[in-house]
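Atom set for the values below is all heavy atoms of this structure, side chains included, hydrogens, waters and symmetry mates excluded. The shown structure was predicted, so the numbers you read here are calculated from the model rather than taken from an experiment. Throughout, a chain's letter reflects where its sequence line sits, starting with A, and its residues are numbered from 1.
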Amino acid sequence: MIRQRLTALLRSALDQAQRDGIVDPCVTPESDLSPPPRPDMGDFSSNLALVMAREAGMNPRALAEALVERMDGAAHGCTRIEVAGPGFINFHLEPGWLHQAVADCLAHGMGYGHGSEGQGCRVHLEFVSANPVGPIHIGNARGGPYGDVLGNMLAALGYRVHKEYYVNDGPHNTQAILFGKSLQARYRELLGAPFSFPENGYLGDYVTDFARQLVARDGDKHLALPEDDEGAYAFFRLVEQDIVAEARRVMSLFGIEYDNWFHEADLYGAGAVDQEVQRLLATGAAYTRDGAVWLRTGEHGDEEDRVLVRSDGRPTYIASDAAYALLKYRNFDLAIYVLGPDHAGYVPRLRAAIEAGGVDLSKVEVVVHQTVRLLRDGKPVRLSKRRGEIIGLDEVVEEVGRDAARFFFLMRSIDSHLDFDLDLAKRQSDENPVYYVQYAHARICSIIRTAEERGFAFAGEPDLRLLNTPAERALMRVIADYPHELRAATAARAPHRLTTLARDLATAFHQFYASCRVLDHDAMALSHARMALVTATRNLLAAELAIMGLSAPERM
RNA sequence: GCGCCUGUAGCUCAGCGGAUCAGAGCAUCGGACUUCGGAUCCGAGGGUCGGGGGUUCGAAUCCCUCCGGGCGCGCCA
């Protein structure tokens, strides 16, 4: 790859300068190789001299000059290397490097830019994992496209990715129990039995709907269940399958398929939670106090120790999370947790619990996405499962479309708060940027169809050297940069950058299209070359859309 | 009160391991050869990057502080 060649060139020049005594031997700082702001300034620009000027005790420009003098540019495909501005080293490359990128893209098709540096590293990626006590709403959903696409990116670079949804259905989950109590109350209410609706219970209509279904299916046989936590949990379990099935349906509607839906209850069924608690006690990572079992998370970066097992003997979620984490690390090299903002405060104790369990924290990554605010009529809508104020993810997906909905979520940086204006999303659906990208793809497909219809027959290899106008070069440049950009975005765990890359590619193509005629019977060689460029562009657009989980329409 | 995120053009947001980063889309206004899709392209206006201080030759970017917004701080998850 071109970047590696230039980096090597810089390094050898630096080594030579050090041998010549021009520069004191010092640590080579991380330098950046990026496109200069204007094409006429060259193809790549290095800030190496700027970055290390202070450490080297030299004026940046002088340092840059010294480095350039020690480069054999011609041997590395450079037509010119010059120092610019305060000390940038600008590389002008032979145009062939761009043509090579196009050829690479054509040769690799949908796999262009992909790699194997992941070396099969097994990544456990968990995302969404909403409490199974109601429909998935738009606030829970943000982790969906993020995790899904991040997984696709990692997979493209050779990681073995396992996508998982963790279902919090353990017998001691107070949310599940509260939901169960609400359901039980509605059930008894429908049957005219005495009931008491729990304080802060789930008020949504869907709870009554579930109760109605239970009555229709089983009659009054569940009246026998006790009105306590165990009875409530039993009620929860009566409808859990339906809730999870619905979650699965909605995620699928959103284009997300998990490799596994893991149930917390199974950890208990297997005795894994008790085993883990015993193990933590045995290793001294946990201790007993006031009748409860505490995990020494305070020694692992948390503010204080946390309760692992309540004084009444019921384990907390940390216990099952610790047990689950241990399970994960038996089969995976890296675990990425994608959590909602309401779990931000939980991160230190999660990491602490994992570390206390004996797992190296370098194998843990936690991404906390920021909130989604739903706007209706320009005003924020409070989302609360408990109060029954819910806009279902499925409603949104059906209204604005899967592609637009995914793109909308994906566009924003995961650290940014996201305003999802329902009315705007609906009204704007025609001008959503996703259509801009998809239109570029459809347009190219149209060109290809036209070429067939009009009998353009291209024989042999295209002569890519014919591609040299500014618009062509700009388009090739975007294609050439993709492998590096994909890696940078993946390393930064920043799927939102893909949306920018795709838009940039579409823009470069549309600009090219406006100034370059592709099909011309009077210039067959050029037509051939441009068809190759356009085909490469379509390949990359399709590949980018695929990684983002979006469709690549041939017609719109 | 403490912690995390955030404040960039009228709106929604990129850029945030410093310089060649003042950007995009939308909105507004004005244009586009009658052959490949106008869901496109070209152009214009518009911001002292929340305020203030500091580090630096150089800060939207790093540090401190203040102000505004969001979310967390349970033997809930």
Side-chain angles (χ1 to χ4, degrees), chain A residues 29-30 32 34-38 41-42 45 47 50-51 53-54 59-60 84-88 90 129-131 133 166 168 170 172-178 200 264 290-294 303 306-318 320-321 339-348 368-371 373 380 408 411-419 421 424 428 430-433 435-436 438-440 442-451 453-454 456 492 496-497 499-500 503-504 506-507 509-521 527 530-531 534 555-556:
Chain A
E30 277 299 308
D32 191 42
S34 61
R38 291 201 315 274
M41 296 167 122
S45 182
N47 65 352
L50 267 348
V51 171
R54 186 173 312 155
N59 171 301
F88 288 98
N90 288 353
S129 301
N131 244 331
V133 292
Y166 183 70
N168 283 292
H172 309 300
N173 177 347
T174 50
Q175 292 305 316
I177 288 168
L178 183 61
N200 294 325
E264 181 188 13
D290 302 333
V293 179
W294 297 72
E303 292 170 0
R306 304 288 175 174
V307 171
L308 201 56
V309 182
R310 303 173 176 93
S311 47
D312 62 9
R314 295 149 54 224
T316 65
Y317 56 92
I318 305 178
S320 44
D321 276 357
L339 305 178
D342 49 336
H343 286 69
Y346 174 56
V347 174
V368 176
H369 71 252
Q370 290 306 308
T371 44
R373 212 166 46 137
F408 203 101
M411 268 196 307
R412 270 70 179 190
S413 147
I414 201 68
D415 292 327
S416 273
H417 304 275
L418 167 61
D419 276 348
D421 187 323
L424 193 69
Q428 260 193 262
D430 277 357
E431 48 204 51
N432 188 300
Y435 296 112
Y436 180 78
Q438 291 178 324
Y439 179 64
R443 213 177 195 187
I444 294 172
C445 291
S446 173
I447 296 173
I448 293 169
R449 281 194 301 270
T450 303
E453 286 162 16
R454 296 192 186 169
F456 279 85
H496 76 276
R497 291 199 201 167
T499 64
T500 305
R503 292 168 75 170
D504 287 349
T507 297
F509 165 72
H510 285 310
Q511 290 173 338
F512 155 82
Y513 182 86
S515 69
C516 298
R517 171 96 206 160
V518 177
L519 299 174
D520 184 351
H521 279 294
S527 292
R530 285 181 171 167
M531 275 299 282
V534 145
R555 287 189 167 84
M556 296 175 67

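Each of A344(A) and R38(A) lies near RNA chain B, and the nucleotide nearest R38(A) is the one positioned closer to the 5' end. Position along RNA chain B of the nearest nucleotide to G87(A) versus Q370(A) favours Q370(A) as the more 5'-ward residue.
Checked against C75(B), U20(B), G38(B), the side chain of A292(A) finds its nearest nucleotide in C75(B). The listed nucleotides are C36(B), A14(B), A19(B); the one nearest the side chain of L50(A) is A19(B). When each of C71(B), U20(B), G15(B) is scored by its nearest atom to the side-chain atoms of R497(A), the top-ranked nucleotide is G15(B). Nearest to the side-chain atoms of R449(A) among the listed nucleotides G37(B), U20(B), A39(B) stands G37(B). Distances from the side chain of Y439(A) to the nucleotides G70(B), A14(B), G37(B) place G37(B) closest. Checked against G70(B), C36(B), C13(B), the side chain of R454(A) finds its nearest nucleotide in C36(B).
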Write down the protein N/O and nucleotide N/O pairs, taken from nucleotides 41-46 of chain B, whose separation is under 3.5 Å; answer none if there are no such pairs.
| from | atom 1 | to | atom 2 | distance (Å) |
| --- | --- | --- | --- | --- |
| C41(B) | OP1 | Y436(A) | OH | 2.4 |
| C42(B) | OP1 | Q511(A) | NE2 | 2.7 |

Output a table of nitrogen or oxygen pairs between the protein and nucleotides 67-69 of chain B separated by less than 3.5 Å.
| from | atom 1 | to | atom 2 | distance (Å) |
| --- | --- | --- | --- | --- |
| G69(B) | N2 | H417(A) | NE2 | 3.0 |

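Side-chain contact between P433(A) and M411(A) is present, with at least one heavy-atom pair separated by less than 4.5 Å.
Note on D342(A): a base of the nucleic acid sits closer than 4.0 angstrom, heavy atoms only. Within the 4.0 angstrom heavy-atom criterion, only backbone atoms of the sugar-phosphate kind lie near R503(A); the bases stay farther away. Within 4.0 Å of A442(A), counting heavy atoms only, lies at least one base atom of the nucleic acid.
Residues meeting the side-chain hydrogen bond (donor to acceptor under 3.5 Å, both in side chains) test with D290(A), sequence neighbours left out: none. A442(A) is linked by a side chain to side chain contact (heavy atoms under 4.5 Å, CB included) to M556(A), counting only residues two or more places apart in sequence or in another chain. Applying the side chain to side chain contact (heavy atoms under 4.5 Å, CB included) test to R555(A) and every residue at least two apart in sequence or in another chain returns R449(A). With sequence neighbours excluded, the residues satisfying salt bridge (Lys or Arg N to Asp or Glu O under 4.0 Å) with R314(A) are D312(A). In this structure, the side chain to side chain contact (heavy atoms under 4.5 Å, CB included) partners of S515(A), at least two apart in sequence or on a different chain, are A471(A). Judged as a side-chain hydrogen bond (donor to acceptor under 3.5 Å, both in side chains), and not counting sequence neighbours, T499(A) has no contacts. Listed by chain and number, the residues in a side-chain hydrogen bond (donor to acceptor under 3.5 Å, both in side chains) with E264(A) are S320(A) (sequence neighbours excluded). Partners of R497(A) under the salt bridge (Lys or Arg N to Asp or Glu O under 4.0 Å) rule, at least two apart in sequence or in another chain, do not exist in this structure. Qualifying side-chain hydrogen bond (donor to acceptor under 3.5 Å, both in side chains) partners for Y166(A), counting only residues two or more places apart in sequence or in other chains: none.
Rounding to whole angstrom units, NE2 of residue H343(A) and P of G74(B) are separated by 14 Å. The nearest whole Å value for the distance from the CZ atom in R517(A) to the P atom in U35(B) is 8 Å. Per the geometry, CG belonging to D419(A) stands 13 Å off C1' belonging to G7(B), to the nearest Å. We find that CG of L418(A) is positioned 20 Å from P of G25(B), with the value rounded to whole Å.
Checking S527(A) against D520(A) by side-chain atom types alone, no donor-acceptor pair falls below 3.5 Å. Using a 3.5 Å distance cut-off with no hydrogens or angles, the side chains of R454(A) and H521(A) do not pair a donor with an acceptor.
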Would you write the dot-bracket representation of RNA chain B, where each base gets (, ), [, ], | or . depending on whether it forms a Watson-Crick or G-U pair under 3.5 Å and with which partner? (((((((..((((.........)))).(((((.......))))).....(((((.......))))))))))))....

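The side chain of H496(A) contributes an N or O atom lying less than 4.0 Å from OP1 or OP2 of G15(B). The side chain of T450(A) contributes an N or O atom lying less than 4.0 Å from OP1 or OP2 of G37(B).
One donor-acceptor pair, N or O on each side, does fall under 3.5 Å between the base of C75(B) and the side chain of S311(A).
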